[in-house]
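Data block below; observations after.
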Amino acid sequence: MFHGTMNRFNKGRMRGSIIYNLTKDILNTSVMRRGDYSKPHLEATSRAFLDSKFCFVPAGYTCTSRRFYDSFASACIPIRLADSCIAFPEEIDYSTIAIEAGDMRCIQNNLQQKRQWLNSIVQKSAVDDTINTEVFQQFACRGVQAFRSFFSYRNGATTATILRRFGIDTP
């Protein structure tokens with residue numbers, strides 16, 4: 001699943017062609033180009049996040065993207081297409097909640113191998129196999145928990161984590 005502007009500058013400039021090439025063989029993939037902020041578009045994107053097992057999270061104008069955190073909130077396992085710029089790396093074991101596909105240049109240089117690798121992950125998730133189902137559900141559940149514990153503004157988690165980073169205790 002990917003909804004958004006395909007062409008960006010800097011680290012995100014390659015993402016349109018990469019996402020197209022990575023997703024063209026994957027069935028039931030929701031890719032919406034050039035989104036807007038209209039209510040129907042936002043509703044379609046929200047529904048796609050909630051209905052998807054995996055969400056592509058390419059670099060945006062910076063090395064990270066709001067989609068990374070949106071995917072955790074919606075129990076969609078993020079597939080990061082970016083370098084290792086992430087929030088709270090000491091507090092969160094991202095290897096248990098996200099799939100790292102590498103940075104855009106690496107993916108572009110190894111597109112065929114990355115496409116095969118991603119297809120194998122998607123195929124494993126589609127098999128009606130208790131072990132695979134549990135593994136992917138655990139990834140999604142841990143992502144939701146990380147969102148609630150570190151990124152949600154509703155419970156002050158982000159502020160508390162930042163303050164702890166600076167050695168300030170919170171109640």
Side-chain angles (χ1 to χ4, degrees), residues 1-23 26 29-32 35 45-46 48-50 52-111 113-115 117-118 120-122 124-125 135-170:
M1 175 274 176
F2 175 82
H3 287 199
T5 304
M6 290 290 191
N7 299 314
R8 296 277 183 161
F9 300 104
N10 299 327
K11 293 185 179 210
R13 71 181 176 275
M14 298 176 263
R15 74 184 189 176
S17 64
I18 289 173
I19 289 172
Y20 170 76
N21 283 301
L22 289 176
T23 61
I26 300 174
T29 300
S30 177
V31 176
M32 186 182 294
T45 298
S46 295
F49 266 110
L50 293 169
S52 298
K53 285 185 185 178
F54 302 102
C55 296
F56 285 102
V57 182
Y61 287 120
T62 63
C63 61
T64 190
S65 169
R66 189 195 83 223
R67 283 178 195 84
F68 190 47
Y69 309 105
D70 289 347
S71 64
F72 292 137
S74 60
C76 185
I77 300 168
I79 298 175
R80 290 191 69 237
L81 313 173
D83 60 20
S84 61
C85 177
I86 50 176
F88 311 129
E90 291 85 16
E91 289 86 357
I92 301 171
D93 181 1
Y94 284 98
S95 69
T96 66
I97 61 175
I99 297 171
E100 298 289 333
D103 70 22
M104 297 290 225
R105 186 158 286 121
C106 175
I107 294 167
Q108 187 174 40
N109 292 339
N110 301 286
L111 196 55
Q113 293 91 340
K114 289 292 184 179
R115 186 168 51 229
W117 175 69
L118 285 172
S120 73
I121 291 170
V122 171
K124 283 180 186 175
S125 75
V135 168
F136 290 110
Q137 285 176 343
Q138 288 171 0
F139 254 73
C141 287
R142 285 190 298 260
V144 169
Q145 184 58 44
F147 177 82
R148 290 179 181 154
S149 299
F150 296 100
F151 304 119
S152 175
Y153 289 106
R154 287 193 176 166
N155 64 7
T158 303
T159 303
T161 304
I162 291 169
L163 290 173
R164 279 194 307 274
R165 227 354 135 74
F166 288 106
I168 300 169
D169 290 328
T170 58

Before giving the answer on side chain to side chain contact (heavy atoms under 4.5 Å, CB included), spell out for Leu118 and Phe56 the whole-Å C-alpha distance, their side-chain angles and the decisive distance to 0.1 Å. CA-CA 11 Å; Leu118 285 172; Phe56 285 102; 3.8 Å; yes
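When all heavy atoms of Cys106 and Lys114 are compared, the closest pair comes out as SG-CE, 4.4 Å. Scanning all heavy atoms of the two residues, the minimum distance from Val144 to Ala73 falls at CG2-O, 4.4 Å. The two residues Ile18 and Met104 make their nearest non-hydrogen contact at CD1-O, 3.4 Å. The nearest pair of heavy atoms linking Ile92 to Ala87 is CD1-O, 4.3 Å. Of all heavy-atom pairs between Ile77 and Ala140, the closest is CG1-N, 4.1 Å. Minimum heavy-atom separation, Cys55 to Ser71: CB-CB, 3.9 Å.
Figure legend: Arg142 and Phe139 shown as a cation-pi pair, the cationic atom lying under 6.0 angstrom from the six-membered ring centre and within 45 degrees of its axis.
The shortest side-chain heavy-atom distance between Arg67 and Phe49 falls under the 4.5 Å cut-off. By the 4.5 Å heavy-atom criterion applied to side chains, Glu91 and Phe150 are counted as neighbours. Counting heavy atoms from C-beta on, the side chains of Leu81 and Leu22 come closer than 4.5 Å.
For the atom pair Ile168 CD1 and Thr159 OG1, the distance stands at 11.5 Å (nearest 0.5 Å). From Ile107, atom CD1 reaches atom CZ of Arg80 across 10.0 Å, with rounding to the nearest 0.5 Å.
Close placement of the Tyr94 and Phe68 rings is indicated, their centers lying within 6.0 Å of each other.
Considering Asp70, Ile99, Val57 as possible partners of Pro78, the one that fulfils the side-chain contact (heavy atoms from CB on, under 4.5 Å) test is Val57.
The aromatic rings of Phe151 and Phe88 sit parallel, their planes meeting at an angle under 30°, below the 60° perpendicular limit.
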